[in-house]
Amino acid sequence: METCAEEVQVKLLGGRSSPFVLRVRIALALKGIHCEHIEETMNPKSELLLKSNPVHKKIPVLVHNGKPICESMIIVQYIDETWDTRAPFLMPKDPYDRAIARFWAAFIDDKLLPCIRAVFTGQGEQCQKAVEETVANFPILEEALRTNLCFLGEAYFGGDGIGFVDIALGGKLAFVNALEKATDSVLIDAEKMPLLSVWMDRFCEADGVKEVMPDPVKLVEFICATRVKFASLPAAN
Amino acid sequence: MEACTEDERVKLLGWLRSPYVTRVRIALALKGIQYQFIEDDAENKSQLLLRSNPVHKKVPVLIHNGKIVCESMIIVQYIDETWDTKAPNLVPKDPYDRAIARFWAAFVDDKLAPSIWGVLMAQGEKQQKAVEESLANFLLLDDALRASSCSGNAYFGGVEIGFADIALGGLLVTIKAIQKVTNTVLMDPQKMPHLCAWIDRFSEIDLVKGILPDPVKVLERVSYLRAKFTSAMAGN
């Protein structure tokens, strides 16, 4: 069920520096869905955000025909299922392939992202430990690209085109690259992770993605500034 | 694509007291799918488990026609999509309703479960903080159920149990055990009437009753984990 009228009613509440918002922007761009972008500064959180996402009070929130949808990968699935006759198809059709896609997206969210976040917020030794954990988790994805029959020999995790897992990981990419610069660390080592490195370059150059990727210089600035703020906070338990 | 032969090739690897294995058993039972249950051991994980789920080394693992599916709610979606012509639908058909169902299932996994385990595996101030977080999380679920019941739904998504109900329901026996072992009340009938009414309703479904793990065994396990934690703390 998709018409131009549908799209007029699509709003995305988000921020330019958020990798989670970026995931949704990529999905919308790939599907060619026009939407109104509402910049949310998060400080203070707007009335619209608090009303649309009272449980988590976080971005992104997609508002479609007045109904809010929260959580980035849930929004991506919603976009794929609502605009289900519009290519590209972000989720595979086969139930097993879908399970594999969901598994790796969950791995990215549950294992990889917390480490990356710890690199972002941590200082000194804590940051170093987080870097080591991140570096330990990325090879698991490299291994999946190398050996999983669903991904083997394909351009993307999603096959010929960008799919669910690519968006889950790719949304974080610009942030990871900027984080490497800001913390002077190597999280994705091209020599040790050749498939992932090739995937990264291909993803960043893809139509639909390159247009929405944030300005890398501004992102490094943002990360550095935020890390300074974290450093001045009392230590968390 | 479903025939009796499909069902014969379904295996579920796990242990019965696991809340996550319980979720999958409920889904399989709701769909009437026959399967072989392969009992594994949390303290001595089998080669089959380690080979089938090398990334997480956790249960449940569903093996269907030799294909391996991991992560409980991913397995539940897989079951619903593979046996898609077998009632009931576990995940709603409408994209918006699906997003809501997924939202609450993710809430249970990402917010509720960690706060509850936090009550078990902490003491003093940290435990108190985990108790407060758990209460806040249960209140949010109570409110969601209140909104559902305003729409005439007895369960999260509808008039029958579905995706979000399975996500929470699988944890019920474990939560009750944690309450007992830590002497806390996390699911408070006075503050959370809709949640507690849902718990009663869910637990009374015949099919569910037959699957929920033995509370005695779960209590034993939860007590063991608590004792292990407190003695580790005492040792430090």
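Residue numbers start from 1 in every chain, and the chains themselves are labelled A, B, ... in the order their sequence lines are given, proteins ahead of strands. Remember, predicted model here, so these are calculated numbers, not experimental data.
Looking only at heavy-atom pairs under 4.5 Å with chain A, the residue among B:V69, B:V55, B:I100 that has the most is B:V55. Ranked by heavy-atom pairs under 4.5 Å with chain B, the list A:Y96, A:Y78, A:F107 is led by A:Y96. Most heavy-atom pairs under 4.5 Å with chain A, from the set B:P95, B:A136, B:A106: that is B:P95.
Between the side chain of B:D142 and the main chain of B:H194, a donor-acceptor pair closer than 3.5 Å is present. Judged by distance alone, the side chain of A:N137 and the main-chain N or O of A:L112 form no donor-acceptor pair under 3.5 Å. Formation of a donor-acceptor pair under 3.5 Å by the A:D80 side chain with backbone atoms of A:M91 is found in this model.
Residues A:V119 and A:T134 share a closest heavy-atom pair of CG2-OG1, 3.7 Å.
Using a 4.5 Å cut-off between heavy atoms, B:I79 makes no contact with chain A at all. If you measure heavy-atom distances from B:K129 to chain A, you find no contacts under 4.5 Å at all. With a threshold of 4.5 angstrom between heavy atoms, A:P54 does not approach chain B through any atom at all.
The pair B:R98-A:E81 counts as a salt bridge, with a side-chain nitrogen and a carboxylate oxygen less than 4.0 angstrom apart.
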